[in-house]
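Residues take their numbers from the sequence shown, with the count starting at 1.
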Amino acid sequence: MRKLSLTTCEAEVMNVVWAQKAVTVQDVVDAIPRPLAYTTVMTTMKILEDKGFIERGEKRGRAYVYRPLVSCESASRSTVSEMANRFFDGSVKSMVLSMIKTKQITTEDLAELRAAIDSLENAK
């Protein structure tokens, strides 16, 4: 699987693209809650296009419309795998245990994890 790593700013932009499915640079500028210059978003989208995350399509007025080429799920899986490899010797289990030990997972999250584990075990 090729690496689908994103910087923080790229992830912000991709979250807008994934949510809206088809966006212009101005759509992204308007959707991101923190102030970002139009040119910053435009440059970030060019980088995402070069990385193969989005494609530039037809024009809407004077602006191009961008669409995702990579799903959020695919990028998430790749990022989790990359984090596990980088910090936990490839062990997702160690990564999850670390999150639990440092209390980064809520009680509700733990209940969901238990349900998911039960579901996987029952499917065997």
Same cluster (ILVMFWY, side-chain, under 4.5 Å), Met42 and Val65: no
Any donor-acceptor pair under 3.5 Å from Ser81 side chain to Arg77 backbone: no
Other residues, nucleotides, ligands: >12 heavy atoms within 6.0 Å of Asp89 CG: no
Linked, directly or transitively: Leu6 and Ile47 (ILVMFWY side chains, under 4.5 Å): no
Lys/Arg N to Asp/Glu carboxylate O, Glu58 vs Arg67, below 4.0 Å: yes
Reported CG-to-CZ distance for the pair Asp109 and Arg114, which is rounded to 0.5 angstrom: 11.0 Å
Closest approach of Ala84 to Met95 (non-hydrogen atoms, all atoms of both residues): N-SD, 3.9 Å
Test: Asp27 and Arg60 ion pair at under 4.0 Å: yes
N/O donor-acceptor pair under 3.5 Å between Lys51 side chain and Lys46 backbone: no
Option among Ile32, Val28, Val41, Thr7 that satisfies the side chain to side chain contact (heavy atoms under 4.5 Å, CB included) test with Glu12: Ile32
Joint hydrophobic cluster, Met83 plus Val70, side-chain heavy atoms closer than 4.5 Å: no
Verdict with reasoning, Tyr66 to Glu55, per side-chain contact (heavy atoms from CB on, under 4.5 Å): CA-CA 5 Å; Tyr66 294 84; Glu55 68 178 345; over 6 Å; no
Check: Asn85 side chain, Glu82 main-chain N or O, donor-acceptor pair, under 3.5 Å: no
Leu69/Ile54 under side-chain contact (heavy atoms from CB on, under 4.5 Å): CA gap, chis, key distance, verdict: CA-CA 5 Å; Leu69 291 174; Ile54 60 175; 5.6 Å; no
ILVMFWY cluster, Val80 and Leu110 together (side-chain gap under 4.5 Å): yes
Closest non-hydrogen atom pair, Cys9 against Thr44: SG-OG1, 3.7 Å
Cluster link Val92 to Leu97, ILVMFWY, side chain under 4.5 Å: no
Test item: Thr24 and Tyr64 side chains (from C-beta on) under 4.5 Å apart, heavy atoms: no
Test item: Trp18 side-chain N/O and Val13 main-chain N/O as donor-acceptor pair under 3.5 Å: no
Exam field: side chain Thr79 to backbone Ala75, donor-acceptor pair closer than 3.5 Å: yes
Worked check of side-chain contact (heavy atoms from CB on, under 4.5 Å) between Met14 and Phe53: CA-CA 8 Å; Met14 283 307 301; Phe53 279 90; 3.9 Å; yes
Distance-only polar pair, side chains of Ser71 and Ser74, donor-acceptor under 3.5 Å: no
Please set out all donor-acceptor pairs under 3.5 angstrom arising from side-chain atoms of residues 115-122, sequence neighbours excluded.
{"residue": "Asn122", "atom": "ND2", "partner": "Asp118", "partner atom": "O", "Å": "3.2"}

